[in-house]
2 protein chains.
Amino acid sequence: MNIVKNKLNQAGIKPTYQRLVIMDYLEQCGSHPTVDGIYENLVIKVPTISRTTVYNTLNLLTAESLVHAVTITGTEVHYGIGRADHHHFLCVQCGRILDIEVNCPLATQVPGDYLGHQILEVHGYFRGICSDCLNKNKR
Amino acid sequence: MNIVKNKLNQAGIKPTYQRLVIMDYLEQCGSHPTVDGIYENLVIKVPTISRTTVYNTLNLLTAESLVHAVTITGTEVHYGIGRADHHHFLCVQCGRILDIEVNCPLATQVPGDYLGHQILEVHGYFRGICSDCLNKNKR
DNA sequence: GTTATTGCAAAATATTTGCATTATA
DNA sequence: TATAATGCAAATATTTTGCAATAAC
């Protein structure tokens, strides 16, 4: 929890209790939860927490690049720890989002130039069926 | 307009007047409009058209791969003509979405395998400032 | 003429905003 | 204690759904 506090301090973000638990949950859960997923998990331990604060906090943390937003489903936004210096895989069967590493020619030189356009970010969204679901389907 | 009609017929989709004008608009407009953008443009010429029909039609055309959905903004869904066999660039200044061609190692072998996960689709989302906006900024 | 499509209204879902209360440094 | 963050309620935005009227072949 102190590590999380330091991260917020270093980014110049006031480490309130709510921000600490939200950031800590993101680090611990090991997946890419939605606002509602985060809220539903935290409200058990912190009954006074509100969806508004979860929204506020994630917008702030995203702006400061402590977390990244994943819009691969097209419905709710999912959030992950750290900058989006990797890509994302959505399992269309179980809905899980996995981090994946790919060397995309343009991703490796961001920020870069493409036909006169200045590229600042690259997000690779991969859709398919994860290995767990493939195994379940075989049985 | 007859070309559009043939496309729908070939896909086994009944070519109603609404579907024809929606598909035709997508082909003609040369950009990636939202449902609302399509609706607002068409309702001038076709006052009886409804948002529901635009939603219905785009969901159908997407399922049949005649159009592709672009979720790069994280808010509304944008739509483009044809399969998503290319990637997309969002200008964060003017909001325009451009098609771009990139040879991503994984994209070139879709469907493919990545660490046991079966990849069916790849969507590359690039964010930055388009050449037009860069030029405007210089002046 | 039968079946599928359209379009209205309402519902469902996701996110933002206004503002009074509360907690932080 | 002054300022910023929280959290409730309401508003906004996007998309889906139920169903009666309509159009397609």
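Residue numbering restarts at 1 for every chain, and letters A, B, ... go by the order of the sequence lines. Excluded from the calculations below are hydrogen atoms, water molecules and symmetry mates; all remaining heavy atoms, backbone and side chain alike, are included.
The shortest distance between the side-chain N/O atoms of Thr75(A) and the OP1/OP2 oxygens of dA14(C) is not below 4.0 Å.
Note: CG (Leu8(A)) to C1' (dA25(C)) measures 15 Å, nearest angstrom. For the pair Asp36(B) CG and dT12(D) C1', the interatomic distance rounds to 13 Å; values are reported in whole Å. Nucleotide dG7(C) holds its P atom 15 Å from the CG atom of Leu60(B), rounded to whole Å. In this structure, Asn56(B) places its CG atom 17 Å from P of dA23(D), rounding to the nearest Å. At whole-Å resolution of the value, CG in Leu58(B) and P in dT5(C) are 15 Å apart. The distance between atom CZ of Arg51(B) and atom P of dT17(D), rounded to the nearest whole Å, is 18 Å. What separates CZ of Arg19(A) from C1' of dA25(C) is a distance of 13 Å, to the nearest Å. Between Tyr55(B) atom OH and dG18(D) atom C1' there is a gap of 17 Å when expressed in whole angstrom units.
Thr52(A) contributes a side-chain N or O that forms a donor-acceptor pair with the base of dC8(D) under 3.5 Å.
In the displayed structure, Asn103(B) atom CG is contacted under 6.0 Å by at most 12 heavy atoms of other residues, nucleotides or ligands.
Both Ile49(B) and Gly74(B) sit near DNA chain C, but only Ile49(B) has its closest nucleotide nearer the 5' end. With the nearest nucleotide of DNA chain D identified for both Asn59(B) and Lys5(B), Asn59(B) has the one nearer the 5' end. Where Lys14(A) and Thr53(A) meet DNA chain D, the nucleotide closest to each residue was compared, and Lys14(A) sits on the side nearer the 5' end.
Checking dT24(C), dC8(C), dC8(D) against the side-chain heavy atoms of Tyr17(A) singles out dT24(C) as nearest. Nearest nucleotide to the Gln18(A) side chain, out of dG7(C), dA14(C), dG7(D): dG7(D). You'll find that the side chain of Pro15(A) is closest to dA25(C), out of dA25(C), dC25(D), dT6(D).
Of the possible polar contacts, none joining the Thr53(B) side chain to the Ile49(B) backbone as a donor-acceptor pair under 3.5 Å is found. Within the 3.5 Å criterion, the main-chain N or O of Thr34(A) finds no donor-acceptor partner in the side chain of Tyr39(A).
Between Glu121(B) and Arg83(B) there is no salt bridge, since none of the side-chain N atoms of the basic residue sits less than 4.0 Å from a carboxylate O of the acidic one.
Under the 4.5 Å side-chain criterion, counting only non-hydrogen atoms from C-beta, Tyr79(A) is in contact with Val35(A).
Note on Thr48(B): only backbone sugar-phosphate atoms sit closer than 4.0 angstrom, heavy atoms only; bases stay farther off.
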